[in-house]
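This report refers to the structure that appears directly beneath it.
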Amino acid sequence: MARINAYSLALLLFCYVLSGVAEATYNVASFGAKPNGRTDSSGAFASAWSAACRSREPATVHVPNGHFLLSRAAFTGPCSSRVMLQVDGTLVAPSGYTSGGDDGWIVFDHVDGLTVSGGTVDGRGEALWACKAAGHGGCPSGATSLKVLNSRDVVISSLTSVDSELYHVMINGCEGVMVQDVQIAAPGSSPNTDGIHVQASSQVTVTRTSIQTGDDCVSVGPGTTNLRVEHVSCGPGHGIRYGAWGRESDESGVENVTVTGAAFVGTENGLRIKTWARAKVEGAYVRGVVFEHTLMHDMRNPIIIDQSYCPNHGGGAGCPHQSSAVKISDVRYTDIQGPSASKVAVKFDCSASNPCSGIGLKDIKLTLDGGKPAEGTCQHADGRASGEVEPPSCL
Ligand SMILES: *[C@@H]1O[C@H](CO)[C@@H](O)[C@H](O)[C@H]1NC(C)=O
């Protein structure tokens, strides 16, 4: 008996060390943060962060239960060691508009080895959405709730993000990011509340994540390479979007993006690649894209490539009457199924000057609700179909 106890004790001690409790922990409450949802705790969070960031050993900033009002939080590195922000409570934005605009509300910049775990961030975007909906103009741009910038080796896990003013999560200029078990929710009518936006980043994985929002669930911007999106559910929302590239005259390409095991319910688009119909772009491309094992339910454009994108007659961008200079190649769709809400379930509207090449369709079953046949349309698209493909391939 005594022997077992000694054993358990040793095991317990071992687990204690492993669980990281022995590492440096900085509780925001001991820096003066108030869990009442009314007192701005930005200063306390900043102090806790700089203490953790200076720590020579891996450090944790701990946010206990309760609601913490943050007017804005900029967590900047580089830090001396790995830092984890561990949240049990809720971080709430101010009730009006978040200051800092497009610079973001909660921002991590140059923090290699960052982990953000648990908790809820509430962007309280209602006031801004109402301003935009009123259509009088003069609304601020709004803030992205969580921005991770210029960082390597980042994990964001078990986080809930609700009601962002603008995007929920943005990853920009990063290498090696894992986003897992994240829940994102905003009303289907909320404007520009994209779920996760990735750009100028490589080796990003988004997994086991549910996104209900008013704009794109996942949007992929220029300079994204080796992105994996797996087991993501989307809806309401606008689907998974690539682009729109080609608005600026110099943009980098997108290469090696895989979307696997996604489920879309009632979204406006499913798997969409869109580019501006604009000729003056240097070297922009989209290639090496895999969409596979995806269930679609009631969406207007389950599979779409749209290179004629030109809203508001171009707004000075030079389109219409131009064709997109963005070259799209090697895009494979495999095992995509479900009822489509629109007659045209597959639409490849590619550039006349830079036709799409290497499009692959395999095992596609998209029909109208009730099983009536849908249609596919192709313009300037080249590729091949294999397996059972419905609607019949137009490639
Ligand atoms: C994309 O994937 C291919 C094949 O795995 C690889 O050869 C290529 O280097 C990748 N591109 C980038 C930018 O990593």
Side-chain angles (χ1 to χ4, degrees), residues 110 112-114 147-156 169-180 196-207 209 216-232 239-262 270-276 281-294 303-305 307 324-336 348 350-351 354-364 381-387 395:
H110 287 99
D112 294 351
L114 168 73
K147 277 195 181 188
V148 182
L149 310 174
N150 311 307
S151 303
R152 305 167 73 126
D153 194 8
V154 173
V155 176
I156 299 172
V169 177
M170 177 186 284
I171 293 160
N172 193 351
C174 295
E175 189 185 330
V177 180
M178 172 64 82
V179 178
Q180 61 191 17
I196 299 175
H197 178 77
V198 181
Q199 76 175 53
S201 297
S202 62
Q203 315 290 349
V204 178
T205 298
V206 178
T207 184
T209 286
D216 301 311
C217 287
V218 177
S219 60
V220 183
T224 301
T225 59
N226 300 308
L227 166 67
R228 238 184 118 73
V229 178
E230 50 185 35
H231 310 301
V232 166
I240 293 183
R241 172 170 67 92
Y242 292 54
W245 294 277
R247 180 147 174 39
E248 309 302 326
S249 57
D250 180 24
E251 288 184 355
S252 40
V254 167
E255 186 168 346
N256 296 349
V257 179
T258 295
V259 178
T260 183
L271 307 168
R272 171 168 60 152
I273 299 176
K274 87 176 175 186
T275 72
W276 282 70
V281 196
E282 305 285 324
Y285 56 84
V286 179
R287 63 186 175 222
V289 177
V290 173
F291 294 118
E292 59 184 15
H293 315 308
T294 294
I303 291 179
I304 179 167
I305 294 179
Q307 295 206 265
S324 174
V326 179
K327 172 72 182 171
I328 297 177
S329 61
D330 188 17
V331 182
R332 286 181 288 131
Y333 303 84
T334 304
D335 182 23
I336 316 281
F348 298 130
C350 294
S351 165
N354 280 284
C356 298
S357 60
I359 308 283
L361 289 169
K362 186 179 179 208
D363 301 333
I364 309 293
D382 184 60
R384 61 186 294 261
S386 60
L395 291 168

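One-based numbering, in listed order, for ligands and for the atoms of each. Remember, predicted model here, so these are calculated numbers, not experimental data. Keep in mind that the numbers below use all heavy atoms, side chains included, and drop hydrogens, waters and symmetry copies.
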Query - salt bridge (charged side-chain N to carboxylate O under 4.0 Å, His left out) against Glu292, all qualifying residues, sequence neighbours excluded - result: none

As a test of reading the model: which N/O atoms of the protein lie under 3.5 Å from N/O atoms of ligand 1, and at what distance?
from	atom 1	to	atom 2	distance (Å)
ligand 1	2 (O)	Asn256	OD1	3.2
ligand 1	2 (O)	Asn256	ND2	2.3
ligand 1	11 (N)	Glu255	OE2	3.1
ligand 1	11 (N)	Asn256	ND2	3.0
ligand 1	14 (O)	Asn226	ND2	2.8

Query raised in the report: Run the side chain to side chain donor-acceptor pair (under 3.5 Å) check on Gln307 and Thr275 step by step: do they pass?
Result: CA-CA 5 Å; Gln307 295 206 265; Thr275 72; 3.1 Å; yes

Requested in this report: Kindly write out the residues that satisfy side-chain hydrogen bond (donor to acceptor under 3.5 Å, both in side chains) with Asp153, not counting sequence neighbours, or none if the list is empty.
Outcome: Arg82

Report summary line: Lys147 meets the side-chain contact (heavy atoms from CB on, under 4.5 Å) criterion, sequence neighbours left out, with Val107, Thr144, Leu149, Met170

Query raised in the report: Among Val155, Ile156, Thr205, Thr209, which residue meets the side chain to side chain contact (heavy atoms under 4.5 Å, CB included) test with Gln180?
Result: Val155

Query raised in the report: Between Asp112 and Arg152, is there a donor-acceptor pair closer than 3.5 Å when you use the side chain of the first and the backbone of the second?
Result: yes

